[in-house]
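Letters A, B, ... are given to chains in the order of the sequence lines, protein chains preceding strands, and every chain is numbered from 1.
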Number of protein chains: 2
Amino acid sequence: MQPTDAQLPSRRLAHQLREAITSGELPPGAKLPSERVLAAEHGVARNTAREAIRLLAEEGLVTASHGRGVFVREKRRLLRFGSERYSRTTRESTGLSPYRAEVARQGRTARVECTSITRTVPPVDVAERLGVDPESESVVRRENWYYADDEPVQVGITYIPWEIAGGSVLATSAQMGKGSLYARFEELGHAITTVREEVTARMPTPEETRGLAVPDGVPVLDVLHTGIDQDGRAFEVTRFVMRADLNGLDYRMPVEQ
Amino acid sequence: MQPTDAQLPSRRLAHQLREAITSGELPPGAKLPSERVLAAEHGVARNTAREAIRLLAEEGLVTASHGRGVFVREKRRLLRFGSERYSRTTRESTGLSPYRAEVARQGRTARVECTSITRTVPPVDVAERLGVDPESESVVRRENWYYADDEPVQVGITYIPWEIAGGSVLATSAQMGKGSLYARFEELGHAITTVREEVTARMPTPEETRGLAVPDGVPVLDVLHTGIDQDGRAFEVTRFVMRADLNGLDYRMPVEQ
DNA sequence: TAGTGGTCTAGACCACCAT
DNA sequence: TGGTGGTCTAGACCACTAT
């Protein structure tokens, strides 16, 4: 398995370091030799050693820490989110929101912050899925930040048609109370019966990199979630942006014949 | 919305270019000024202009093409894969595999190449899901490459317990015939009834970057798919690795009450 | 052949961190 | 304070693409 351009000094050095990491010689958490030491030992300029490290960081194998050194990235345990997290049984047995239930299950501490609730114009993809006017202030927008052990792991922007949310706690209160969001929807006549989740991945924007403290070489999962009620009506759309090194999705579905 | 470190020359230049791209002044496909021109115009060294471009490439906004220039990345249409692609109805109405059906639907040309069929030791996560011995040569491994208009878009490695595949076409033939893989499983007594898909994202390995021709700043979706039959038995596990700029997943599921 | 990106050098100074 | 990564400079040569 030859790496690309084995004859280039930066690639050769990256290759050697990669081997040391994947073989376990440099285990997760280990500190790499400093850029200056690598350069001297391999007879290259410091910038060349730096380029080698950049390649590894881009692959997600190492992370650099200013003033401390470069370290082999630790394997982080994934928070797994499955479709069963929306079930009423889960909701009622724990009294927790889907997110809190999963984090608690892993013995970690969950925190959710609702940072804003506004009435606004929906993005086109959201308007399409909700079947609302994409040009009027027809939705309530709720922005939620999700933390595990005080580390930010996800952001979720929920859009609810004004027709549904207007006048209810959904449009006014950050606190959702027992059973959380979906219990309130059910009281309003919308029981979540079907979920649709459209998943893709991409590199984070500069804002997301900052807000979620995404390390170099880590993408985000971009999940467009739609909640559909017993009448087939889409009553809520949420765009989740999740650090891909800390989150995974776990879907289990019947196959229609 | 301040970018990080607005006072650094490379970040300032990256910021200006980013604005030009997101505002539409530099539309998808547009060519950026050359590194040397950017450097001269902004009074910085060429390496600094280069660093600005690297930042944008890392975000997935531009791609550099050796000898040609740096271009604003075109928005690519996503191939969308939903769970309904496994249904017998879809299979029988089109006679196509799930992949071919989706690509055809978009008016593109599908090609699937089965590059190897071997009997081997399964990876631990696969063995776990199949309930087979992780230390013996207990599975058939099939490697498939998926193309759309001759561009590689996915790889799938399918593992099937030897107990199920042994002696059948699944263990010997690259061609699956009408109705594809799942029709053959059904003939062997395993009708796909439930699918489980565990999804995460990461940066591609050097091999994947080469094999899938993944551009800079594009992650891959890593999907561990399990096919489960009418008796609740896992009869097949496939690890899909998909270019995230060309593929999306679209799940629609009932919520158990 | 001219222009582009890709790599490399050998320095310099700054910012951060541990001691 | 000394060692670390982060950024920048001003060159050089190579590899690729278009003309």
Side-chain angles (χ1 to χ4, degrees), chain A residues 3-17 26 29-73 206 209-210 213-217, chain B residues 3-17 21 26 29-73 206 209-210 213-218:
Chain A
T4 36
D5 297 314
Q7 61 278 48
L8 292 178
S10 59
R11 311 304 169 97
R12 273 195 294 107
L13 178 48
H15 179 64
Q16 284 185 32
L17 292 169
L26 283 171
K31 184 173 178 301
L32 270 61
S34 80
E35 295 173 350
R36 287 160 177 93
V37 169
L38 283 173
E41 281 179 352
H42 293 80
V44 296
R46 185 186 155 207
N47 276 351
T48 303
R50 205 175 149 69
E51 168 69 5
I53 289 171
R54 197 191 61 75
L55 290 167
L56 299 178
E58 204 168 60
E59 290 167 37
L61 288 176
V62 303
T63 34
S65 178
H66 196 170
R68 297 204 311 129
V70 177
F71 300 85
V72 180
R73 183 171 293 167
T209 300
R210 211 159 10 90
V214 188
D216 280 350
Chain B
T4 36
D5 296 313
Q7 60 278 48
L8 292 178
S10 58
R11 310 304 170 98
R12 273 195 296 106
L13 177 48
H15 179 65
Q16 284 186 33
L17 292 170
I21 292 169
L26 283 171
K31 184 174 177 302
L32 270 61
S34 80
E35 295 173 349
R36 287 161 177 92
V37 169
L38 284 173
E41 281 179 353
H42 293 80
V44 297
R46 185 186 153 206
N47 275 351
T48 302
R50 206 175 148 70
E51 168 70 5
I53 289 172
R54 197 191 61 75
L55 290 167
L56 300 178
E58 204 168 60
E59 289 167 38
L61 288 177
V62 302
T63 34
S65 179
H66 195 170
R68 297 205 310 131
V70 176
F71 300 85
V72 180
R73 185 170 292 167
T209 301
R210 213 161 4 95
V214 188
D216 281 350
V218 172

*Asks:* Between A/Ala52 and A/Ser10, which heavy-atom pair has the shortest distance, and what is it?
*Replies:*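 Nearest heavy atoms, A/Ala52 then A/Ser10: CB-O, 3.4 Å.
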
*Asks:* Please tell me which of the listed nucleotides, D/dC8, C/dG5, C/dC8, lies nearest to the side chain of B/Leu8?
*Replies:*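 The nucleotide sitting nearest to the side chain is D/dC8.
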
*Asks:* Without decimals, in angstroms, what is the distance between B/His42 NE2 and D/dC8 P?
*Replies:*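 Result: 13 Å.
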
*Asks:* Starting the side chain at C-beta, find the nucleotide from C/dT4, D/dC8, D/dG5 nearest to A/Glu35.
*Replies:* D/dG5

*Asks:* Which atom pair, heavy atoms only, marks the closest approach of B/Val214 to B/Val218?
*Replies:*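 Distance-wise, the nearest heavy atoms are CG1-O, 3.3 Å.
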
*Asks:* Step by step, would you call A/Val72 with A/Leu32 a side-chain contact (heavy atoms from CB on, under 4.5 Å)?
*Replies:* CA-CA 7 Å; A/Val72 180; A/Leu32 270 61; 3.8 Å; yes

*Asks:* Any salt bridge (Lys or Arg N to Asp or Glu O under 4.0 Å) pairs touching residues 33-42 of chain A, not counting sequence neighbours?
*Replies:* A/Glu35-A/Arg46, A/Glu35-A/Arg50

*Asks:* Distance check needed: D/dC8 P versus A/Arg54 CZ, whole Å only.
*Replies:*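 Those two atoms, CZ and P, are 15 Å apart.
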
*Asks:* Separation of B/Asn47 atom CG from C/dG6 atom C1', in whole Å?
*Replies:* 11 Å

*Asks:* So which of A/Thr63, A/Ile53, A/Leu56, A/Leu17 actually passes side-chain contact (heavy atoms from CB on, under 4.5 Å) with A/Val70?
*Replies:*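 Single pass found, and it is A/Ile53.
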
*Asks:* What heavy-atom pair brings B/Leu55 and B/Ala14 nearest, and what distance separates the two atoms?
*Replies:*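 Looking at all heavy atoms of both residues, the closest pair is CD1-CB, 4.1 Å.
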
*Asks:* Measure CZ/B/Arg50 against C1'/C/dG3 and give the value in whole Å, please.
*Replies:*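 Rounding to the nearest Å, CZ of B/Arg50 and C1' of C/dG3 are 15 Å apart.
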
*Asks:* What's the CD-C1' distance between B/Glu51 and D/dT9, to the nearest Å?
*Replies:* 14 Å

*Asks:* Would you mind reading off the distance between A/Gln7 atom CD and C/dC8 atom P, rounded to a whole angstrom?
*Replies:*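 To the nearest whole Å, that distance equals 10 Å.
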
*Asks:* Would you tabulate the pairs of protein nitrogen or oxygen atoms and nucleotide nitrogen or oxygen atoms of nucleotides 13-19 of chain C closer than 3.5 angstrom?
*Replies:*
from	atom 1	to	atom 2	distance (Å)
C/dA15	N3	A/His66	NE2	2.8

*Asks:* Run the numbers on B/His42 and B/Arg12 for side-chain contact (heavy atoms from CB on, under 4.5 Å), then give the verdict.
*Replies:* CA-CA 10 Å; B/His42 293 80; B/Arg12 273 195 296 106; 5.9 Å; no

*Asks:* Does a nitrogen or oxygen in the side chain of B/Ser34 sit under 4.0 Å from OP1 or OP2 of C/dT4?
*Replies:* yes

*Asks:* How long is the line joining CG of A/Asp216 and P of D/dG5, in whole Å?
*Replies:* 14 Å

*Asks:* What integer distance in Å separates B/Leu38:CG from C/dG6:C1'?
*Replies:*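 After rounding, the gap between these two atoms is 16 Å.
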
